[in-house]
Number of protein chains: 2
Amino acid sequence: MLTDRQLMILQVIIDDFIESAKPVGSRALSKKDTLPYSAATIRNEMADLEELGFLEKTHTSSGRVPSEKGYRYYVDHLIGPEIYQHGLGIIERLTNNGIYEFEQIVQTAAEALSKLTNYTSIILGPEMFEATVKQIQVLALSDQSAVAILVTNTGHVEHRSFTLPKGVSSSDIEKLVNILNDRLQGIPLYRIPEVIQNEVASLMMKYMNGVDSSLNWIRTLFTQEQAVKLYFGGKANILMQPEFNDVDRIRSFYSLMEREDEIVNLLKNSNQGIKVSIGHENEVEEIKDLSLITASYHIGGGQMGTIALIGPTRMEYKKVLSLMESISKEMTGAMGKWYSDKS
Amino acid sequence: MLTDRQLMILQVIIDDFIESAKPVGSRALSKKDTLPYSAATIRNEMADLEELGFLEKTHTSSGRVPSEKGYRYYVDHLIGPEIYQHGLGIIERLTNNGIYEFEQIVQTAAEALSKLTNYTSIILGPEMFEATVKQIQVLALSDQSAVAILVTNTGHVEHRSFTLPKGVSSSDIEKLVNILNDRLQGIPLYRIPEVIQNEVASLMMKYMNGVDSSLNWIRTLFTQEQAVKLYFGGKANILMQPEFNDVDRIRSFYSLMEREDEIVNLLKNSNQGIKVSIGHENEVEEIKDLSLITASYHIGGGQMGTIALIGPTRMEYKKVLSLMESISKEMTGAMGKWYSDKS
DNA sequence: TTTAGCACTCAAAACATGAGAGTGCTAACA
DNA sequence: TGTTAGCACTCTCATGTTTTGAGTGCTAAA
């Protein structure tokens, strides 16, 4: 195991490197009052730490840089429970006028997160599978077009415009809406296509005439393309990091950011709580030299989303971890207030 | 005025530079079969064109590069009406199943535009001032929270969740919705606050009790934060351009892209038709070395939005201009079909 | 066990050199 | 008179060389 002195030195090196982004040498370290040892002593310890895999050199005669293993150890053992105080209340401030806009909350949270950290934040909207149908409405705009609106028990509103199939009268629509509401209310979104197929279809046959043609159409209309939405904050922030002083590095990062499905996958499989993936612990090629922190937040009814932050492996883990914790809690709190269980 | 030969040479130089991004020299030009002159002759002509301000040199002994004035002349006089055929039907393909999703159409158009050109596209959603209220609905989610939904005559759906003020019963809500619908239907969105203030307020006093406190709340609820939405496509494309081989250049570009309000201003004041702004013709510092093409599209009722494309001044104007024209027409067409005037 | 000292290494900056692409100008040519 | 060949000149870019400075590893003394 590591001696106390080694721990101390490791910690100071990592802290220093996180701040300066420059390999840290023995001489500079020995000058700090935190370490009352000579450069030579520190050199010896550093050599040991390197042998153990916690440090690396960028070239034979350079200062030391933390290895991924070093960061991992740092995150797991050397970070105290330092609660980050700033930035709290961001979300409360948004909702305390009684008006509540999901998109706005999430977007604001993403922006706050990136602003406070100078990294890039990504928030994954909640999965909606579990949400149930609260009400369906169809409103004719003209005699050819109409808009269908679906409200879930969680207050989400989905809408879609469409052309009215020929020969569908406004009384037909009214009947249809009644049938849909009767059969779909309380049904979770993912079951909609199935219920339309099995129950709604026969009722339509019975009460409406000449509708077989439009059944398919209704099914498409109410089938969500179950896309989870992504909210980004500070996409440009990461450019300020010296690690991104290379144009190709930037290219590969931004090209990843455009492949939203991949990002969703990347963030989705996060469990409860906060998870830190350092460098090669990440599976996606483009971020094998970055660190990804994810935390989940919850809205009523078991639905949850993910908050994520991407930055260089040389990340301010202390600050970031406590900040993520407090923001995810804040979000869970704000959402919970709204989506109380009743439906 | 320019001689025919000068025009010819100017055109070839610009075409060549647009393709290669490298200063073009007299020797290389004389080898092309389009120009049956010796390098020396071409050199003389180039010297003249430079004196006239259409060409520039990057250093004393480099090849020539078009100046902004050169591009301007090229765009104004040297581009034939070449109709770009590909990419047509993009939007029709999306709507031909009868389902129509504004956001999706716009997003797809933005992506198509950037994919086809390799530049970055931005689409400005339509201004909604003119749209009128079609229907208002309020749906309680629990006994503390509810969601308000507003549908416009153009089929746009706005919604907002809120906490029910204490002491508001469900019959109050019903009355309120009736009053709102009665007074607001057919009213353009921008007049909502005013009408609530003047007409709705007194009716509420009359038919509901103890509501003065909630009036303010309703006004906030239905006051759109008239934000025009932006849709981006291919934000990473521009990184492929050799002009963006500099990290600072990239930084400044992306930082602009995050200042959405500035971008809205940049695009908004475009008139009808297509407008090309080359380099310093742009007012925003960050794009003084880029070109911006804007075109407007229309949806029913005089509402319009803007399509824009940003790329290096060395842009494939021919291709881009015809493409923009056809896409804006396509969009206008698709939108028009839906938002036919009836309300 | 700690520290001072010294030889050694390497990256990065500064400087030097040569090749290549291009120009302008002059003089010859059609 | 317009066009072209030829040549000296210029400037960038890629490459190679030198210098500097920060940092290391090792050895020997405290």
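Numbers restart at 1 for each chain; the letters A, B, ... are given by sequence-line order, proteins then strands. Remember, predicted model here, so these are calculated numbers, not experimental data.
- Y119(A) pairs by the ring-ring contact (aromatic ring centres under 6.0 Å, His included) definition with nothing, not counting sequence neighbours.
- Following rounding to the nearest Å, N245(B) (CG) and dC13(D) (P) show an atom-to-atom distance of 12 Å.
- For E50(A), the salt bridge (Lys or Arg N to Asp or Glu O under 4.0 Å) test picks out R64(A), with sequence neighbours left out.
- Listed by chain and number, the residues in a side chain to side chain donor-acceptor pair (under 3.5 Å) with E316(B) amount to none (sequence neighbours excluded).
- Applying the salt bridge (Lys or Arg N to Asp or Glu O under 4.0 Å) test to R259(A) and every residue at least two apart in sequence or in another chain returns E262(A), E286(A).
- Every residue two or more places apart in sequence or in another chain that forms a salt bridge (Lys or Arg N to Asp or Glu O under 4.0 Å) with K32(A) is listed here: D16(A).
- Sorted by first and then second residue, the side chain to side chain donor-acceptor pair (under 3.5 Å) pairs with a member in residues 51-61 of chain A read T58(A)-S62(A); sequence neighbours excluded.
- Contacts between residues 19-52 of chain B and DNA chain C, defined by a heavy-atom separation under 4.0 Å, are made by G25(B), S26(B), R43(B), M46(B).
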Under 3.5 Å, which donor-acceptor pairs link side chains of residues 72-80 of chain B to any protein atom two or more places apart or in another chain?
| unit_1 | atom_1 | unit_2 | atom_2 | d |
| --- | --- | --- | --- | --- |
| R72(B) | NE | E281(B) | OE2 | 3.1 |
| R72(B) | NH1 | D76(B) | OD1 | 3.2 |
| R72(B) | NH2 | V276(B) | O | 2.8 |
| R72(B) | NH2 | E281(B) | OE1 | 2.5 |
| R72(B) | NH2 | E281(B) | OE2 | 3.4 |
| Y74(B) | OH | D15(B) | OD1 | 2.5 |

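- In summary, the side chains of R27(B) and S30(B) do not present any donor paired with an acceptor at a separation below 3.5 Å, with no hydrogens or angles considered.
- Between chain A and DNA chain C, the heavy-atom contact criterion of under 4.0 Å yields a 5' to 3' nucleotide range of dT2(C) to dA11(C).
- Atom NE2 in H59(B) sits about 6 Å away from atom P in dC13(D), given to the nearest Å.
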